Every structure is written in C-alpha cells, then in structure tokens.
Amino acid sequence: MISLLITIIMAIIIGAIGSAIAPGGMPGGIIGSMIAGFVGAWLGALLLGTWGPIIGGFAVVPAIIGAVIFVLLLTLLSRTLNGKPS
C-alpha cells in the first residue's frame, strides 16, 4: 500500500516539474500532473531507457523529460484544435 502511495506521489511530482518546465503547462491540477507524470514516465522510458535515480518505480530523469515532451505535445494539440496560432 505504501509503494502505491509513493508511486502516485512521484507521478504528481514528476508531472508538476514537467508542467513547470514546458510552456503552456498541464491543465487539471493534481490529477493533470499525475497523468502527465505517468505518461511522461512511460514516454521517457520508451525514448531514453531507464537511467539515473529510480524512485517509486520511475527513472526520474527520463520521466521528467518525457513529461515535458507530453505537456508540449498537449499544448501544441490544444492550440491546433482551438485554432490559435502557435
């Protein structure tokens, strides 16, 4: 049970860091940050592998980079769908 809590907290922290680095930010507050953290961890591990410190099952550095990429992609997609120029 504690490991699940640590995983969720790490996802929120990673998503918040990724959202703070990427322009536009991740909407949805804590839930949005958690989603960005989980997707970012998956995307970062897929693209960069698992290197660096591992906390709560996440390779922290690739997960943060993956979260930044995910938030950037969402921002671009949102601007495209809303018709706003980049």
Side-chain angles (χ1 to χ4, degrees):
M1 189 65 166
I2 295 294
S3 64
L4 177 63
L5 184 62
I6 291 171
T7 300
I8 290 172
I9 290 171
M10 282 306 298
I12 292 170
I13 291 170
I14 288 169
I17 292 171
S19 181
I21 293 172
M26 180 72 183
I30 291 177
I31 302 297
S33 292
M34 186 173 64
I35 292 169
F38 280 122
V39 173
W42 173 77
L43 188 61
L46 184 69
L47 296 175
L48 303 170
T50 55
W51 50 274
I54 297 177
I55 302 172
F58 295 106
V60 177
V61 177
I64 291 173
I65 294 170
V68 169
I69 292 169
F70 178 66
V71 172
L72 283 172
L73 289 174
L74 279 181
T75 302
L76 290 174
L77 182 65
S78 169
R79 287 183 181 171
T80 302
L81 293 176
N82 289 333
K84 295 180 184 176
S86 298

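When a residue number appears, it is its place in the shown sequence, counting from 1. Predicted model, so just to flag it, every value in this text is computed and none were measured.
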Between atom CD1 of I30 and atom CD1 of I8, what is the distance when rounded to the nearest 0.5 Å? 12.0 Å

Looking at residues at least two apart in the chain, or sitting in another chain, which of them share a ring pair (Phe, Tyr, Trp, His ring centres under 6.0 Å) with F70? none

Drop me the distance from I64's CD1 to I21's CD1, to the nearest 0.5 angstrom. 6.5 Å

To check you understand the geometry: which heavy-atom pair defines the closest contact between A67 and A36, and what is its length? CB-O, 3.7 Å

In this structure, would M1 and I9 fall into the same cluster of hydrophobic residues linked by side-chain contacts under 4.5 Å? no

Rounded to the nearest 0.5 Å, what's the gap from CD1 on I69 to CG on L46? Could you check? 10.0 Å

Would you name the heavy atoms of A45 and P62 that are closest together and state the gap between them? N-CB, 4.4 Å

When clusters are formed by joining ILVMFWY residues with side-chain heavy atoms under 4.5 Å apart, either directly or through shared neighbours, do I54 and L5 land in the same one? no

How far does CG of L72 sit from CG of L77, to the nearest 0.5 angstrom? 12.5 Å

With sequence neighbours excluded, give me every ring pair (Phe, Tyr, Trp, His ring centres under 6.0 Å) pair touching residues 31-59. F38-F58

From I14, V39, I12, T7, residue fulfilling side-chain contact (heavy atoms from CB on, under 4.5 Å) relative to M34: I12

T80 (side chain) donor-acceptor with L76 (main chain) under 3.5 angstrom: yes

